[in-house]
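Working notes for the structure below.
By convention here, the first residue in the shown sequence is residue 1. Whatever order the structure lists them in is the order used to number ligands and atoms, beginning at 1. Values below: every heavy atom of this structure, side chains too, minus hydrogens, waters and symmetry copies.
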Amino acid sequence: MNTMENRELARLLRETADLMEIAGADSFRIRSYRRAADAVETYSQPLRTMAAEPKKLLELPGIGKGIAAHLMEMLETGRFSEREKLLESHHPAMLQLLQIQGLGPKTIAAIWAKHHVATVDEVEALARAGQLRELPRMGEKAEQKILKAITAWRAMSGRFLLSEARRTAGEALARLRAVAEVEQAAAAGSLRRGRETVGDLDLLVSGRRLQGAALAAAMEHFLGLPGIVEIYGRGETKLSVRLHAGLQIDVRWLPPESFGAGLQYFTGSQAHNIALRGRALKAGYRLNEYGLSRLEGSEAPAAGGRSSSRSGGKAAPPAGLLPAAAEAEAAEEKIYRSLGLAWIAPELREDAGEIEAAAAGRLPRLVSEADIRGDLHMHTVASDGRATIEEMADAALARGYEYIAITDHSASLAMVQGLDERRMLQQLKRIRAADASYRQGRRPPGGGPERPLRILAGIEVDILADGRLDLADDVLAQLDLVIGSIHSRFDQPPAAVTERLLRAIEHPALHLLGHPTGRLLLRREPLALDFETILSACLQHGVMLEINSAPDRLDLHDRHARRCREAGVRVAINTDAHHPHHLGLLPYGLAMARRGWLEPGNVLNTLPADELMQALNARRK
Ligand code: DGT
Ligand code: CA
Ligand code: CA
Ligand code: ZN
């Protein structure tokens, strides 16, 4: 034991003091807990060494019989009943509120007394509604500060956007690969699985001469990564650091012959690994981060499975956000094959039926970037985009697309100068003119032969609070693609928001629901809609659903995408680009689609242009 345990004991004492303050306990008692916490934290010896002689605890400044007894309880049982009692009568979420700068126990108690809310989301909603400022000792300024603090807390509180994790991992891997002895470096964990948010980065590194002094030097080199603010774990083969933004990185060294097994193990998910290990045991194998080995004395069947074909097909290009080297994936594939399974794409590894599917040779042929023929949601200078129709078209050509749809905002989004009927008709003319020119063939900006691009005329029309669409029917009917999106009144109760969407789905001009749940990752909860009801209505009316690839949306998410596949509702994977660069956000939406088991046939924008137009026109008949 080290003094880390002292710090933890001190933390529990302080937290309890805070809870006591929220509960309105005697201020003398509260102070005594805080004093004890200071004493425990600054004591140079591990408190545990005194557990055998409880009387010695009393020699610490500020520790009396009562608190000594509490400390003994914590040391012996790992529990603190005083704290647990308080948590029964007070909302546990309050402990989270306490982590937010500017929210002290008195304010939290006042919020609870007046509004009976205790979660960060609820308090944020109060602040946004201007209701916090009305509390005693508060004001508009304090309210703004708390809103800021909540944003900061979210950044610190555990999870990070997939895009941020991927960027950081890319930089960290580049730094590792710059070391001469590093032969393999890869990102594992939730990032490799393409989860919408990531808790920490799990990097793996290996090389035949990467050992001893060379390994130590490589780890040292890694510590030069900009933004490292804390090294909280350091061993011969493992390094754990925290970056300024709060994201943590684990770097693990693996022996070269175990790289594939380590990649498999540390990619997880834990649930997938547990299921896989169970299957290995039944077959007489032990499976861990060092590889697959025969259990002694077991009559294990010969290795080798029914199928060695990969779910992506043999010749499939590397897919996923930060694909591991083909060599490492091949080593993984061997492990799966020995267990009678086809290689399972990381995005599927959640113990959600993928092992059974791999055993039966029925893994989906997951959609990948190469299948996508166009992007059907993007903005231009006509509303809040940064580029012209032509600039977006050129960027699409450079990506090898066959078509795009220009879908600016409608008028009710006044902030961004959304289009009313008159301006929409002008925009329609501009799109038709650009389409007439680009469909003849254009040279992509980076060079190469001329290629045609179809430019569809579309709109991202607001779904108003009552479910009406924000543009006249006769204008909508002239457009190739109508996306309906919610951009306001996110607070509607479930019945109202579901009705609102149902009404929009019934509109004969609507093709697609844009970012259907309206969530903003780490910032805004999804709409309270009844997804199954929406899904059935979409099926009935031939309306499709979007997977919006904007990294702070990723909307629909993976489980919804999978329900679309099961229900037979087509999905469009779009970027909602407001700038030509944003077309490159597609892999984030693809990650959701792949995690949702989607195959090319489930995705609207894998269709060739003519079939796409047929699919869109079918809705109008
Ligand atoms: P995160 O970081 O919360 O976004 O999620 P992961 O999946 O990256 O989880 P993490 O970083 O705790 O661990 C990375 C992988 O390592 C995890 O997916 C599976 C493997 N792993 C870690 N600890 C265990 C364990 O105790 N048992 C098993 N079977 N696998 C583990
Ligand atoms: Ca992780
Ligand atoms: Ca980790
Ligand atoms: Zn939008």
Side-chain angles (χ1 to χ4, degrees), residues 154-173 176 185-206 219 222 225 228 230-235 237-243 245-254 258-282 285-293 320-324 328-329 332 335-336 339 341 344-352 354-355 521-522 551-552 554 557-559 588 591-592 594-595:
R154 288 230 167 85
M156 289 295 293
S157 75
R159 302 206 66 85
F160 297 82
L161 294 181
L162 185 57
S163 52
E164 186 183 344
R166 182 202 195 195
R167 182 173 54 240
T168 306
E171 290 162 6
L173 286 174
L176 288 168
S190 51
L191 171 58
R192 184 163 181 244
R193 302 199 310 281
R195 267 194 68 179
E196 59 195 21
T197 62
V198 167
D200 71 355
L201 300 184
D202 305 280
L203 306 183
L204 307 175
V205 65
S206 176
M219 293 293 203
F222 181 77
L225 186 73
I228 293 180
E230 190 192 346
I231 303 166
Y232 66 94
R234 194 170 191 178
T237 61
K238 192 184 162 194
L239 193 58
S240 299
V241 301
R242 193 192 330 274
L243 300 179
L247 184 60
Q248 300 181 6
I249 310 181
D250 290 339
V251 183
R252 285 189 185 80
W253 174 87
L254 291 162
S258 298
F259 196 78
L263 182 64
Q264 195 288 317
Y265 180 88
F266 290 110
T267 294
S269 68
Q270 195 164 330
H272 173 87
N273 284 357
I274 289 168
L276 201 65
R277 202 157 54 223
R279 190 177 168 89
L281 280 175
K282 268 196 211 134
Y285 289 103
R286 183 195 338 268
L287 177 63
N288 58 26
E289 63 265 54
Y290 299 110
L292 192 65
S293 53
L321 282 168
L322 271 181
E329 281 192 358
E332 261 192 335
I335 293 171
Y336 283 102
L339 298 174
L341 303 173
I344 299 172
E347 293 93 332
L348 298 179
R349 299 183 196 171
E350 300 290 348
D351 191 22
E354 73 279 9
I355 294 176
L521 284 166
L522 312 177
D552 62 344
L554 298 182
H557 62 53
D558 43 19
R559 292 180 308 286
Y588 301 109
M592 293 307 106
R594 292 167 62 85
R595 289 175 60 80

List below, pair by pair, the N or O atoms of ligand 1 and of the protein that are less than 3.5 Å apart, including the distance to 0.1 Å; reply 'none' if no pair qualifies.
residue: ligand 1; atom: 2 (O); partner: Asp200; partner atom: N; Å: 3.2
residue: ligand 1; atom: 2 (O); partner: Asp200; partner atom: OD1; Å: 3.1
residue: ligand 1; atom: 3 (O); partner: Arg159; partner atom: NH1; Å: 3.1
residue: ligand 1; atom: 4 (O); partner: Arg159; partner atom: NH2; Å: 2.8
residue: ligand 1; atom: 4 (O); partner: Ser190; partner atom: OG; Å: 2.5
residue: ligand 1; atom: 4 (O); partner: Gly199; partner atom: N; Å: 2.8
residue: ligand 1; atom: 7 (O); partner: Arg193; partner atom: NH1; Å: 2.9
residue: ligand 1; atom: 7 (O); partner: Arg193; partner atom: NH2; Å: 3.2
residue: ligand 1; atom: 8 (O); partner: Ser190; partner atom: N; Å: 2.9
residue: ligand 1; atom: 8 (O); partner: Ser190; partner atom: OG; Å: 3.4
residue: ligand 1; atom: 8 (O); partner: Asp202; partner atom: OD2; Å: 3.2
residue: ligand 1; atom: 11 (O); partner: Asp200; partner atom: OD1; Å: 2.9
residue: ligand 1; atom: 11 (O); partner: Asp202; partner atom: OD1; Å: 3.2
residue: ligand 1; atom: 11 (O); partner: Asp202; partner atom: OD2; Å: 3.1
residue: ligand 1; atom: 18 (O); partner: Arg193; partner atom: NH1; Å: 3.4
residue: ligand 1; atom: 29 (N); partner: Arg277; partner atom: NH1; Å: 3.4

Stepwise salt bridge (Lys or Arg N to Asp or Glu O under 4.0 Å) check, Glu289 with Lys238: CA-CA 14 Å; Glu289 63 265 54; Lys238 192 184 162 194; over 6 Å; no
Stepwise side-chain contact (heavy atoms from CB on, under 4.5 Å) check, Phe160 with Thr168: CA-CA 11 Å; Phe160 297 82; Thr168 306; over 6 Å; no
Derivation of the side-chain hydrogen bond (donor to acceptor under 3.5 Å, both in side chains) call for Thr197 and Arg159: CA-CA 6 Å; Thr197 62; Arg159 302 206 66 85; 2.7 Å; yes
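Counting backbone and side-chain atoms alike, Asp250 contributes no N/O/S atom closer than 3.0 Å to the Ca ion (ligand 2).
The main-chain N or O of Ile344 is found under 3.5 Å from a side-chain atom of Arg349 such that the two form a donor-acceptor pair. Remark: the backbone N or O of Ala352 is paired with a side-chain donor or acceptor of Glu354 at under 3.5 angstrom.
When each of Leu247, Leu173, Leu243 is checked for a side-chain contact (heavy atoms from CB on, under 4.5 Å) with Leu201, only Leu247 meets the rule. Between Arg252 and the choices Thr237, Val205, Leu204, the side-chain contact (heavy atoms from CB on, under 4.5 Å) rule is met once, by Leu204.
Our summary of the site lists the angle at the Ca ion (ligand 3) between OD1 of Asp202 and OD2 of Asp200 as 120°, to the nearest 10 degrees.
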